[in-house]
Enquirer: 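Take this structure first; my questions come after.
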Amino acid sequence: MAERKVVQEAEARWKAVLGVRASRICQSVEVAMGMFNLLDSDSSSERQKSLAAFGRVAAAIPDPEMVQNLLEPVLSATPAAGGDLSFMRRKAALASAMFLAHQEVGVWVLGRSSAVQELVRLIASGDEIGTAAAAETLCLAASNEQGRALLAPVIESGTLDALLDSPNARARSAAASAIAKLGVASKALDTNSSDTDRLLNTAMLLLKGAEDFGQGGDEGKKLKRHGPV
């Protein structure tokens, strides 16, 4: 028992140290904006590292309100002229990182003014990176009760339906998983509609196809990241 207590105390101290470091990192607007800008980098490696960095920083801070305060200047920034698409891509990626690290903060990011509508616009743009990022954010939101409540505009606009036919494999997989998670229990879906049955059937077929395709390969492992249905 004594050894276990020592280990727990050491872990608590280390978490406190990580929290202080994370706070210091994001208290610098320049650092936070630099990380945010990398979410839209042409390099997939830089995008992934920045996404992971945001997730680790958020996970190291136990207080969701503190994380929100750190992100507020980043999300409130004015995009450069003609940079709306890039800005929306970054916000979508940031929302997905927050859903993974701090679901409460993820809901807060998605619940901000026009955030959900921006995801719809991003998907409608046809931008490959943006569409995948937005679809994966919707998928993560569908795993959270409060997140699901925000998705009515996405379902009503037919965005999820359209994503099932997307040429982007990541977007199709994420949309299929989101629809399966929402199910007929979602208040945003018309349970008497034949479209609902078609969407759910298509989603399950896509998910089963992805599972069969990726049983032993790397692609299958990637598809599993959307979480349990």
Side-chain angles (χ1 to χ4, degrees), residues 21-22 25-26 28-61 67-68 70-103 105-110 112 114-116 118-143 147 154 159 163 166-178 210 214 217-227:
R21 291 180 178 177
I25 288 173
C26 279
S28 168
V29 177
E30 291 78 9
V31 172
M33 285 305 300
M35 291 168 58
F36 185 64
N37 289 337
L38 285 175
L39 291 174
D40 189 44
S41 170
D42 291 334
S43 166
S44 61
S45 175
E46 289 184 349
R47 292 197 304 272
Q48 291 167 5
K49 288 178 181 178
S50 183
L51 197 64
F54 266 116
R56 288 172 183 170
V57 167
I61 301 175
V67 180
Q68 294 172 16
L70 296 175
L71 296 179
E72 180 66 39
V74 173
L75 294 171
S76 300
T78 302
D84 284 351
L85 181 61
S86 296
F87 195 68
M88 287 191 293
R89 287 199 301 202
R90 294 169 195 162
K91 289 174 70 174
L94 182 59
S96 67
M98 292 304 104
F99 268 112
L100 290 169
H102 246 308
Q103 288 206 0
V105 180
V107 171
W108 172 78
V109 173
L110 200 59
R112 288 170 59 85
S114 303
V116 175
E118 285 180 358
L119 291 181
V120 173
R121 287 170 53 198
L122 188 55
I123 291 168
S125 73
D127 178 77
E128 184 176 359
I129 295 175
T131 297
E136 290 176 346
T137 300
L138 296 176
C139 179
L140 291 167
S143 298
V154 180
T159 299
L163 279 173
S166 171
N168 188 303
R170 283 174 56 197
R172 288 198 309 273
S173 175
S177 183
D218 292 337
E219 190 66 24
K221 294 176 183 177
K222 292 178 183 177
L223 291 169
K224 291 178 183 178
R225 66 180 168 182
H226 299 303

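On a predicted model such as this, the values are computed, not experimentally measured, just so you know.
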Enquirer: Under 4.5 Å between any side-chain heavy atoms of Lys91 and Leu122, yes or no?
Expert: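 No. Closest side-chain heavy atoms not under 4.5 Å.
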
Enquirer: Would you name the heavy atoms of Phe54 and Ala97 that are closest together and state the gap between them?
Expert: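 The answer is CB-CB, 4.4 Å.
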
Enquirer: Supply the atom-to-atom distance Gln103 CD to Leu110 CG, rounded to the nearest 0.5 angstrom.
Expert: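 Between Gln103 CD and Leu110 CG, I get 12.0 Å after rounding to 0.5 Å.
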
Enquirer: Is the closest side-chain heavy-atom distance between Phe99 and Val107 below 4.5 Å?
Expert: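 Sidechains of Val107 and Phe99: in contact.
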
Enquirer: Mind checking the CG-CZ spacing from Asp42 to Arg47? Nearest 0.5 Å is all I need.
Expert: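 Going from the CG atom of Asp42 to the CZ atom of Arg47 covers 8.0 Å.
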
Enquirer: Determine yes or no for a side-chain-to-main-chain donor-acceptor pair under 3.5 angstrom, with Thr137 supplying the side chain and Ala133 the backbone.
Expert: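 Yes; judged by distance alone, with no hydrogens or angles, the pair exists.
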
Enquirer: If I compare all heavy atoms of Ser166 with all of Ala171, which pair ends up nearest, and what's the gap?
Expert: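 Scanning both residues, the minimum pair turns out to be OG-CB, 3.9 Å.
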
Enquirer: Looking at OG of Ser114 and CZ of Arg121, how far apart are the two atoms once the value is rounded to the nearest 0.5 Å?
Expert: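 The distance works out to 8.0 Å.
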
Enquirer: Kindly indicate whether the side chain of Leu71, heavy atoms from C-beta on, has any atom under 4.5 Å from the side chain of Trp108.
Expert: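 In short, these two side chains touch, coming nearer than 4.5 Å.
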
Enquirer: Looking only at heavy atoms, which two atoms of Ile123 and Ala134 are closest? And how far apart?
Expert: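 Nearest heavy atoms, Ile123 then Ala134: CG1-CB, 3.6 Å.
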
Enquirer: Taking all heavy atoms of Ala142 and all of Ala178, pick out the closest pair and write down the distance.
Expert: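 Residues Ala142 and Ala178, closest heavy atoms: CB-O, 3.9 Å.
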
Enquirer: Please check if any side-chain donor atom of Glu72 sits under 3.5 Å from a side-chain acceptor atom of Ser76, or the reverse.
Expert: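 The answer is yes; a qualifying pair exists.
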
Enquirer: Under 3.5 Å, is there a donor-acceptor pair between the side chain of Ser96 and the main chain of Ala93?
Expert: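 Checking the backbone N and O of Ala93 against the side chain of Ser96, a donor-acceptor pair under 3.5 Å is found.
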
Enquirer: Supply the atom-to-atom distance Phe87 CZ to Leu75 CG, rounded to the nearest 0.5 angstrom.
Expert: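 Here the interatomic distance stands at 6.5 Å.
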
Enquirer: Does a donor on one side chain and an acceptor on the other come within less than 3.5 Å for Asp40 and Ser86?
Expert: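 There is such a pair (donor and acceptor under 3.5 Å, judged by atom type) between the side chains of Asp40 and Ser86.
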
Enquirer: With Thr159, which residues qualify under side-chain hydrogen bond (donor to acceptor under 3.5 Å, both in side chains), at least two apart?
Expert: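 Checked Thr159 against side-chain hydrogen bond (donor to acceptor under 3.5 Å, both in side chains); matches are Ser157.
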
Enquirer: Do Arg170 and Ser173 have side-chain heavy atoms sitting under 4.5 Å apart?
Expert: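 No; the side chains remain at least 4.5 Å from each other.
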
Enquirer: Kindly write out the residues that satisfy side-chain hydrogen bond (donor to acceptor under 3.5 Å, both in side chains) with Asp127, not counting sequence neighbours, or none if the list is empty.
Expert: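 Listed in chain order: Arg89.
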
Enquirer: Could you check Ile61 against Leu70 for side chain to side chain contact (heavy atoms under 4.5 Å, CB included), going step by step and ending with a plain yes or no?
Expert: CA-CA 10 Å; Ile61 301 175; Leu70 296 175; 3.3 Å; yes

Enquirer: Do the side chains of Leu100 and Leu51 get nearer than 4.5 Å, heavy atoms only?
Expert: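 When only atoms from C-beta onward are counted, Leu100 and Leu51 do not touch, as no gap falls below 4.5 Å.
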
Enquirer: State the CD-OG distance between Glu118 and Ser125, to the nearest 0.5 angstrom.
Expert: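 It comes to 12.0 Å.
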
Enquirer: Output the distance between atom CE (Met98) and atom CG (Leu140), rounded to the nearest 0.5 Å.
Expert: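 The CE atom of Met98 sits 11.5 Å away from the CG atom of Leu140.
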
Enquirer: Identify the heavy atoms of Met35 and Ala53 that sit nearest to each other, and give their distance.
Expert: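 The pair with the smallest heavy-atom distance is CE-CB, 3.8 Å.
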
Enquirer: Between Leu163 and Thr131, is any pair of side-chain heavy atoms under 4.5 Å apart?
Expert: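 Leu163 reaches Thr131 side chain to side chain.
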
